[in-house]
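Labels below follow one simple rule: chain letters A, B, ... track the order of the sequence lines, proteins then strands, and each chain is numbered from 1.
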Amino acid sequence: MTVAANALDIVATDPGSRARTGTLNLIHGSVRTPAFVPLATKATVRGLLPAEVAALGYDMVLGNTYHLFIDPGHELIAGGGGLHRFMGWERPIITDSGGFQVFSMGHGTVADEIKGRASHGGQRHGKTLGITEEGVSFRSHVDGSTKFLSPEIAMEIQAALGSDIALVFDECTPFNVSRDYTARSTERTHRWLERCLSWHDEHGAGGPASQLVYGIVQGGVHEDLRVESAEVVAASRADGVAVGGSLGADKAQMYEVVDWTTAVLPGHKPRHLLGIGDIDDLIRGVELGIDTFDCAMPTRLGRHGVALVPEPETRWRVDLTGARFRDDQGPICEGCACPACELGLTRAYLHYLLKARELTGLRLLVTHNLAFIARLMHRLRTAIAAGELAAEAAALRAGALP
RNA sequence: GGCGGGAUUCCCGAGCGGUCAAAGGGGCCUGACUGUAAAUCAGGUGGCUCAGCCUUCGAAGGUUCGAAUCCUUCUCCCGCCA
């Protein structure tokens with residue numbers, strides 16, 4: 001059992017939904033919720049300085065156990081004073097357990113797996129060597145050597161990293177597996193949850209005493225399995241609950257899965273929705289009672305030349321690499337007051353930087369995208385506190401600039 | 001004026017008698033991207049009445065069953081020598 005049993009301080013709830021707002025109090029500070037958590041997988045929000053991320057309104061970032069274990073190694077990071085000091089971010093950090101990598105190294109992305117296709121030229125398959133009750137063997141993507149992760153090792157690594165929140169080691173259940181496999185996998189994840197908590201209990205006094213541990217709900221797209229998993233995690237000693245695994249083939253199914261889950265979760269435990277992402281998904285997630293989200297989308301899209309804009313019909317995206325923006329003197333995003341847009345830069349300039357492969361272009365777009373999401377979350381928090389979430393959500397979904 | 005080298009599909013650039021509508025880049029277009037092996041990846045990129053046909057490899061002739069590839073002349077580039 002960890003110390004902060006009531007780390008989440010809820011100050012307001014929305015009468016028309018499960019949404020709530022408040023603060024999540026952690027070792028390195030508090031997180032205003034609902035919050036989006038930018039990914040700093042390899043100990044950096046790619047392209048941005050810690051101060052820049054904070055200035056955009058972010059209280060927490062997410063690091064990855066798998067990646068930091070492979071390179072540069074958790075011992076090295078621990079020796080240097082922990083992940084916070086290592087990356088120069090003294091605010092909260094949540095670390096993912098590496099469970100997702102077991103999935104992605106075998107299947108590629110979530111979308112690839114669902115659609116049954118190979119991603120990146122089919123180069124990504126087969127790095128996961130085997131999943132057993134003990135843990136997972138896989139081939140390092142860096143040097144090809146065989147590595148092994150187990151619930152205990154994942155917790156040990158996260159303890160060494162010193163993250164504010166550790167996620168238990170799980171198997172991200174694929175979409176294209178049988179219900180029976182999903183059931184067995186989910187049960188194993190439950191056993192792994194217990195092992196993670198036990199490891200944490202045993203080592204907490206001498207180490208991560210106030211590090212929170214979040215259990216992970218699996219169960220695929222099966223209501224009974226999801227509900228059971230949510231109940232198992234909720235009833236455990238875990239401080240918080242993360243919703244993971246395959247969330248379905250489309251948004252409707254995803255919302256349904258999250259709905260089943262949060263419907264049975266106790267109100268006091270913080271809830272994290274793993275890997276979500278899109279503007280509309282964040283809005284719905286908040287309505288379904290999610291407190292924190294993480295997603296590669298805003299930062300990755302920015303690096304890929306896409307700017308987030310208030311246009312639902314284009315899924316809130318505009319790809320500035322297209323030649324039609326070559327002489328577009330308009331702003332990146334009309335009305336946006338982010339550090340990038342404040343410079344008065346044109347789409348023509350961004351397009352030019354992108355085509356010229358200048359790093360500044362990527363920095364500018366990542367900054368804008370993260371600012372966009374940060375404002376979205378801020379507006380949702382404010383709306384919940386003011387009892388106006390329904391109207392605000394409707395406006396944002398219709399294309400209001402957050 | 002002389003001697004060499006070169007002109008290839010939007011651009012650069014392979015090809016050097018048939019398996020070439022023509023490698024490979026770039027550009028352009030489309031698509032993807034949701035717990036980041038991702039500043040990435042995939043597909044397309046002469047035309048059509050599209051399992052075939054037509055038009056393309058500076059221009060015009062010629063050799064050959066057959067030419068972007070060989071020959072002749074011409075036009076224009078680029079070196080070197082005068």
Side-chain angles (χ1 to χ4, degrees), chain A residues 36-48 61-68 70-71 94-115 117-128 138-144 165 167-173 214 216-218 242-251 254 258 272-282 284-285 292-306 315-317 319 321-324 326 353-366 373:
Chain A
F36 179 78
V37 180
L39 297 198
T41 301
K42 295 197 282 189
T44 175
V45 174
R46 296 184 181 144
L48 300 189
V61 297
L62 181 147
N64 192 287
T65 295
Y66 165 81
H67 298 268
L68 298 174
I70 296 293
D71 178 37
I94 178 171
T95 42
D96 191 9
S97 64
F100 180 72
Q101 278 60 48
V102 172
F103 168 91
S104 67
M105 298 209 304
H107 304 282
T109 68
V110 171
D112 290 330
E113 196 274 325
I114 288 175
K115 294 166 188 170
R117 70 187 176 205
S119 70
H120 287 246
Q123 298 284 309
R124 301 220 164 180
H125 295 19
K127 298 292 187 190
T128 297
F138 54 92
R139 207 171 283 296
S140 162
H141 70 278
V142 175
D143 62 11
I165 301 172
L167 290 182
V168 299
F169 192 60
D170 68 327
E171 181 192 0
C172 177
T173 321
Y214 277 25
I216 300 180
V217 174
Q218 289 293 336
V243 182
S246 169
L247 298 171
D250 53 45
K251 287 172 184 284
M254 173 181 121
V258 176
H272 182 89
L273 182 54
L274 289 161
I276 298 304
D278 284 348
I279 302 300
D280 47 347
D281 298 340
L282 292 170
R284 179 58 71 90
T292 54
F293 305 80
D294 71 279
C295 188
M297 201 77 85
T299 44
R300 178 186 289 163
L301 285 181
R303 272 179 278 114
H304 291 183
V306 176
R315 296 158 71 208
W316 283 271
R317 304 173 186 188
D319 181 352
T321 55
R324 63 184 176 287
R326 217 183 79 76
L353 288 181
L354 258 14
K355 299 312 290 184
R357 303 184 68 79
E358 284 294 338
L359 263 26
T360 305
L362 308 187
R363 268 175 53 70
L364 254 14
L365 287 180
V366 169
I373 301 274

Describe the nucleic acid contact of A:Asp278 in one word from base, sugar-phosphate, nothing, applying a heavy-atom distance below 4.0 Å.
base
Could you identify the nucleotide paired to B:G79, looking across every strand shown and requiring Watson-Crick or G-U wobble geometry with both distances under 3.5 Å?
B:C3
Mark yes or no for a side-chain to base donor-acceptor pair under 3.5 Å between A:Ser104 and B:U36, with no hydrogen or angle criteria applied.
no
Taking a pair as Watson-Crick or G-U wobble with both distances under 3.5 Å, which nucleotide is matched to B:A42?
B:U30
Would you call A:Asp278 and A:Arg315 a salt bridge, taking side-chain N to carboxylate O under 4.0 Å as the test?
no
When all nucleic acid strands are considered with a 4.0 Å heavy-atom cut-off, which category describes A:Thr299: base, sugar-phosphate, or nothing?
base
Using modelled atom types only, decide if a donor and an acceptor are shared between the side chain of A:Arg317 and the backbone of A:Val306 within a distance under 3.5 Å.
no
Just jot down the salt bridge (charged side-chain N to carboxylate O under 4.0 Å, His left out) partners of A:Lys355, sequence neighbours excluded, or say none.
none
Using a 3.5 Å distance criterion without hydrogens, assess whether the side chain of A:Thr128 forms a donor-acceptor pair with backbone atoms of A:Phe138.
no
Starting the side chain at C-beta, find the nucleotide from B:A39, B:A32, B:A37 nearest to A:Leu359.
B:A39
Heavy atoms under 4.0 Å, any strand shown: does A:Gly361 hit a base, just sugar-phosphate, or nothing?
nothing
Atom CZ of A:Arg303 to atom C1' of B:A37: distance rounded to whole Å?
13 Å
Residue matched to B:G58 through Watson-Crick or wobble contacts both under 3.5 angstrom:
B:C74
Inter-nucleotide C1' distance (B:G47, B:G66), Å rounded
24 Å
Atom CG of A:Leu48 and atom P of B:U36: how far apart are they, to the nearest Å?
17 Å
Answer with yes or no whether A:Arg46 presents, from its side chain, a donor or acceptor under 3.5 Å of a partner atom in the base of B:U36.
yes
For A:Asp281 and for A:Leu362, locate the closest nucleotide of RNA chain B by heavy-atom distance; then report the residue assigned to the nucleotide nearer the 5' terminus.
A:Asp281
Which protein N or O atoms sit under 3.5 Å from an N or O of nucleotides 10-12 of chain B?
none

Rounded to the nearest angstrom, tell me the gap between atom CZ in A:Phe100 and atom C1' in B:U36.
8 Å
Could you tell me whether A:Glu113 contacts a base, only the sugar-phosphate backbone, or nothing, with contacts defined as non-hydrogen atoms closer than 4.0 Å?
nothing
On a whole-Å scale, what distance lies between the C1' atoms belonging to B:A7 and B:C12?
14 Å
Please report the distance separating the C1' of B:C3 from the corresponding atom of B:C28, rounded so that it comes out in whole Å.
43 Å
When we call it a touch if two heavy atoms are under 4.0 Å apart, what does A:Ile216 touch: a base, just sugar-phosphate, or nothing?
base
Over all heavy atoms of both residues, which pair between A:Val258 and A:Leu273 is shortest? Give the atoms and the distance, please.
CG2-CD1, 3.9 Å
Give me the distance, rounded to whole Å, that separates B:A14 from B:A21 when you measure between the C1' atoms they each carry.
15 Å
Using every non-hydrogen atom in the two residues, find where A:Ile70 and A:Val142 come nearest and quote the distance to one decimal.
CG2-CG2, 3.4 Å
Give none if B:U49 has no partner; otherwise give the nucleotide forming a Watson-Crick or G-U wobble pair with it, both distances under 3.5 Å.
none
Nearest listed nucleotide, side chain of A:Leu39, among B:A32, B:G35, B:A37
B:G35
So, under a plain 3.5 Å distance rule, would you say the side chain of A:Asn64 forms a donor-acceptor pair with the base of B:G35?
no
Atom pairs under 3.5 Å, N or O on each side, protein against nucleotides 24-28 of chain B: can you list them with distances?
| from | atom 1 | to | atom 2 | distance (Å) |
| --- | --- | --- | --- | --- |
| B:C28 | OP2 | A:Lys355 | NZ | 2.6 |

Would you confirm whether A:Thr65, through its side chain, and A:Asp96, through its main-chain N or O, come within 3.5 Å as a donor-acceptor pair?
yes
Partners of A:Arg284 by salt bridge (charged side-chain N to carboxylate O under 4.0 Å, His left out), sequence neighbours excluded?
A:Glu287
With sequence neighbours excluded, what pairs up with A:His141 under the ring-ring contact (aromatic ring centres under 6.0 Å, His included) test?
A:Tyr66, A:His67
Would you say the side-chain atoms of A:His107 and A:Asp112 include a donor-acceptor pair closer than 3.5 Å?
no
Would you kindly give the CZ-to-C1' distance between A:Phe103 and B:G35, to the nearest whole Å?
11 Å
Look at the side chain of A:Arg363 and the backbone N and O of A:Gly47, then say whether any donor-acceptor pair between them is shorter than 3.5 Å.
yes
Just the rounded figure in Å: distance from C1' of B:G35 to CD of A:Glu171.
14 Å
Pairwise P distance for B:G17 and B:G52, with rounding to whole Å
27 Å
Of A:Arg357 and A:Val306, the one whose closest nucleotide on RNA chain B sits nearer the 5' end is A:Val306
A:His304 ring over B:U40 six-membered base ring, under 5.5 Å and 30°
yes
Taking 4.0 Å as the cut-off, does a side-chain nitrogen or oxygen of A:Gln101 come that near to OP1 or OP2 on B:U36?
yes
Sticking with atom C1', work out how far B:U9 lies from B:U45, rounded to a whole angstrom.
11 Å
Between B:U73 and B:G4 - P atom distance, rounded Å:
13 Å
Gap between atom SG of A:Cys172 and atom CD of A:Gln218 - 0.5 Å precision
6.0 Å
Spacing between A:His67 atom NE2 and B:A37 atom P, to the nearest angstrom
4 Å
Report the distance from atom NE2 of A:His107 to atom P of B:U36, rounded to the nearest whole Å.
15 Å
Partners of A:Ala323 by side-chain contact (heavy atoms from CB on, under 4.5 Å), sequence neighbours excluded?
none
What distance, rounded to whole Å, do you find between the two P atoms, one in B:G15 and one in B:G5?
16 Å
Whole angstroms only, please: what is the NZ-P distance between A:Lys127 and B:A38?
12 Å
Is the distance from OP1 or OP2 of B:A37 to the nearest side-chain N or O of A:Lys42 less than 4.0 Å?
no
Answer with base, sugar-phosphate or nothing: what part of the nucleic acid does A:Arg315 contact at a heavy-atom distance below 4.0 Å?
sugar-phosphate
Considering only B:A38, B:U36, B:G35, which nucleotide approaches the side chain of A:Asp112 most closely?
B:A38
